[in-house]
Amino acid sequence: MNTMTLSETTAIAAAAASASTCAAGQERRLVALSLLRPSSRNVRRSGGTSIPELAASIARVGLLHNLAVVQNVDGERFDVVAGRRRLAALKLLVKRRKLAKDFEVPCLLVPDDAARTVSLTENVQREAMHPADQFEAFAALVAEGHPVEDIAADFGVSPLVVQRRLKLANVSPRLLADYRVDAVTLDQLMALAITDDHAAQEAAFYDSPQWQRSPDALRDHLTQDELSAAGDALARFVGLDVYEAAGGAVRRDLFSDEQQGAYLADPALLDRLARDKLADLVEQVRKEGWAWIDVVPRATHAELHVFQRARRERRQPTKAEAKRIAKLEAEQQALQDRLDDEADVSDEDAQGLQDQLDALGGQLDAIDQSLTIYASEVLAQAGAVVAVDHAGGIVVHRGLMRGEQVQKLRERVKGAGRATGGDAEVGDAEPPKAGLSEKLVRRLSAHRTAALQAEVACHPQIALVLLVHHLARRVICNGYEGSPISISATSHVDGLVTHAPDIVEAPAALGLREVREAWAERLPDDPDA
């Protein structure tokens with residue numbers, strides 16, 4: 001729905017041109033587009049952007065402002081001293097065959113000696129409208145009955161851009177007023193627009209301390225009772241499409257992409273869908289012979305900690321399994337060598353290699369799991385918990401036993417021992433361990449610590465998880481008890497050497513030394529740099 005077409009605008013401009021002259025020797029006239037060219041005396045040197053959008057707008061509503069020109073020295077052409085973007089947009093329309101090359105453009109012919117003054121005046125004496133004015137103008141157009149698609153076409157933008165402007169126009173008037181005086185930023189406004197509740201918007205912003213008014217903090221505040229489709233493990237496991245197909249309510253953030261900006265409002269439905277999706281796996285695990293199976297999609301460490309782990313044994317792999325393991329490990333090592341040795345590997349290629357490594361690791365874990373077996377008396381008492389891990393994958397915690405089940409197993413083993421004339425206990429099948437001296441324990445611990453350090457150094461993602469876990473316990477959970485990791489930037493090599501002098505030649509220590517030397521070459525000598 002446009003109030004004026006391009007031809008109508010041109011006709012009006014032609015009528016205006018018949019008025020002939022303007023002040024100070026200026027003259028309005030229609031000039032063929034083919035005779036117009038940019039002038040070097042145009043004072044604006046930058047800002048020639050959004051030409052396609054401007055061209056689309058001109059095609060829909062016409063050229064609303066004339067170009068300012070001076071006569072070229074050849075006496076035929078005209079140089080545009082004000083209106084370079086409009087000229088570029090008109091030529092783009094010619095290129096797209098929406099305008100003729102000789103299309104008559106409304107121009108204001110100014111004296112040659114006033115060219116630079118006119119160009120400067122047009123750019124200096126105008127003031128851009130505030131973005132909030134644009135938001136409210138778009139909302140007013142919709143209120144007048146203009147479809148979103150027509151508004152988008154009129155201004156050469158996508159319907160999503162219009163929808164975003166409308167969303168911002170719907171923010172609390174109080175917040176919009178503060179946005180006009182720079183008390184609220186545009187990013188904060190976009191975060192608050194995730195809800196249409198003005199009271200909730202104002203409470204999230206004005207009731208929060210200054211340091212909790214970042215866009216992410218405001219968005220989290222308004223979606224604290226909802227689940228992020230991208231960040232929640234169960235949401236990733238079930239899938240947004242499946243959740244919506246089941247009737248689940250979704251709140252979408254127009255200022256984020258489809259996955260990152262979706263928030264699920266029905267956790268109970270999501271839990272039910274996750275249980276349904278896990279049902280097939282439950283039947284497979286049940287066939288392993290466990291006494292019981294529980295489905296706990298969000299099984300936490302605390303919930304699993306109440307169980308005792310049953311003793312398990314490891315069988316030797318078959319020839320086929322051993323061959324498969326060797327092949328996977330060789331592929332894994334080759335990929336790791338590429339990551340370690342090729343300094344010119346791009347971030348995208350490195351991520352691809354890491355994904356392949358993770359896939360191989362998953363296959364090796366699956367084979368390793370199949371090599372783990374439990375005694376028949378353990379299967380008769382123990383069970384398994386089927387859950388979803390933090391990455392949205394399936395995980396099965398096997399060999400779990402509650403307190404009463406442990407006691408029953410002990411009694412059963414004792415009974416078996418008496419029947420055979422022995423005095424067996426749960427765990428007696430494992431041979432007694434010889435005592436170790438304190439010096440040997442320290443030495444072995446030093447080697448184990450070095451090996452763990454080397455392993456973490458090869459897996460940055462694990463190091464990041466450890467760092468976040470440690471800091472979260474300190475900052476969020478107020479936990480200051482002992483931690484398995486140290487975040488301080490202190491080298492422990494010297495300390496380990498005191499307990500194990502031979503550690504300097506250990507593979508782990510040599511590998512770490514190579515890592516440090518490689519990084520020392522990459523980092524600048526100046527600490528500030």
Side chain [X], main chain [Y], donor-acceptor under 3.5 Å:
| X | Y | value |
| --- | --- | --- |
| Arg286 | Ile293 | no |
| Arg251 | Tyr263 | no |
| Glu149 | Pro159 | no |
| Arg236 | Ala230 | yes |
| His146 | Ala140 | no |

Classify the angle between the aromatic ring planes of Tyr179 and Phe135 as parallel (below 30°), tilted (30 to 60°) or perpendicular (above 60°).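 The rings of Tyr179 and Phe135 lie parallel, inter-plane angle below 30°.
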Beyond-backbone contact of [X] with [Y], side-chain heavy atoms, under 4.5 angstrom:
| X | Y | answer |
| --- | --- | --- |
| Leu379 | Trp290 | yes |
| Leu189 | Leu176 | yes |
| Gln163 | Ser158 | no |
| Tyr206 | Asp178 | yes |
| Val148 | Phe138 | no |
| Ser228 | Thr223 | no |
| Leu444 | His447 | no |
| Ile462 | Glu455 | no |

With rounding to the nearest 0.5 Å, note down the distance linking [atom1] in [X] to [atom2] in [Y].
| X | Y | atom1 | atom2 | result |
| --- | --- | --- | --- | --- |
| Asp187 | Arg213 | CG | CZ | 15.5 Å |
| Lys323 | Thr318 | NZ | OG1 | 11.5 Å |
| His221 | Ser214 | NE2 | OG | 12.5 Å |
| Glu331 | Gln356 | CD | CD | 9.5 Å |
| Glu136 | Leu168 | CD | CG | 11.0 Å |
| Arg165 | Leu160 | CZ | CG | 9.5 Å |

What are the two closest non-hydrogen atoms of [X] and [Y], and how far apart are they?
| X | Y | value |
| --- | --- | --- |
| Ala193 | Val171 | CB-CG2, 3.9 Å |
| Leu222 | Ala204 | CD2-CB, 3.8 Å |
| Arg252 | Val250 | NH1-CG1, 3.6 Å |
| Leu254 | Arg164 | O-NE, 2.7 Å |
| Val157 | Glu53 | CG1-CG, 4.4 Å |
| Gln212 | Ala217 | O-CB, 3.4 Å |

Q: Could you walk me through whether Leu227 and Leu234 pass side chain to side chain contact (heavy atoms under 4.5 Å, CB included), step by step?
A: CA-CA 9 Å; Leu227 302 173; Leu234 225 57; over 6 Å; no
| said: Is it true that, when you exclude Arg443 itself, more than 12 heavy atoms of the residues, nucleotides or ligands shown sit nearer than 6.0 Å to its CZ? | reply: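 Not buried by this count: 12 neighbours or fewer within 6.0 Å.
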Is it the case that over 12 heavy atoms from other parts of the model lie below 6.0 angstrom from the CD atom of Gln224?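 Atom CD in Gln224 is crowded, with more than 12 foreign heavy atoms closer than 6.0 Å.
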Any side-chain donor paired with an acceptor under 3.5 Å for Glu202 and Ser172?
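Ser172 and Glu202 do have a side-chain donor-acceptor pair below 3.5 Å.
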Donor on one side chain, acceptor on other, Thr185 and Gln188, under 3.5 Å: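 There is such a pair (donor and acceptor under 3.5 Å, judged by atom type) between the side chains of Thr185 and Gln188.
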* So, are Asp232 and Arg298 salt-bridged, with charged N and O less than 4.0 Å apart? ->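 Counted as a salt bridge, because a side-chain N and a carboxylate O are separated by less than 4.0 Å.
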Self-check item: Under-4.0 Å salt bridge between Arg324 and Glu321
Solution: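 Salt bridge between Arg324 and Glu321, a charged N being under 4.0 Å from a carboxylate O: no.
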- Task: Identify whether NZ of Lys or CZ of Arg in Lys167 sits under 6.0 Å from the centre of the six-membered ring of Phe255 and within 45° of that ring's axis.
- Result: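 Cation-pi check for Lys167 and Phe255: fails.
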- Item | Step-by-step side chain to side chain contact (heavy atoms under 4.5 Å, CB included) determination, Leu400 to Arg309 | CA-CA 5 Å; Leu400 304 181; Arg309 299 276 179 170; 3.4 Å; yes
Side chain to side chain donor-acceptor pair (under 3.5 Å), that's the test. Do Asp280 and Gln284 meet it? Break it down for me.
CA-CA 7 Å; Asp280 293 340; Gln284 295 178 26; over 6 Å; no
Open item on the list: side chain to side chain contact (heavy atoms under 4.5 Å, CB included) for Ile394 and Lys277? Distances and angles first, verdict last.
Closed with: CA-CA 10 Å; Ile394 299 175; Lys277 190 172 181 179; over 6 Å; no
* Show your reasoning for whether side chain to side chain contact (heavy atoms under 4.5 Å, CB included) applies to Ile367 and Leu328. => CA-CA 10 Å; Ile367 296 175; Leu328 291 174; 3.8 Å; yes
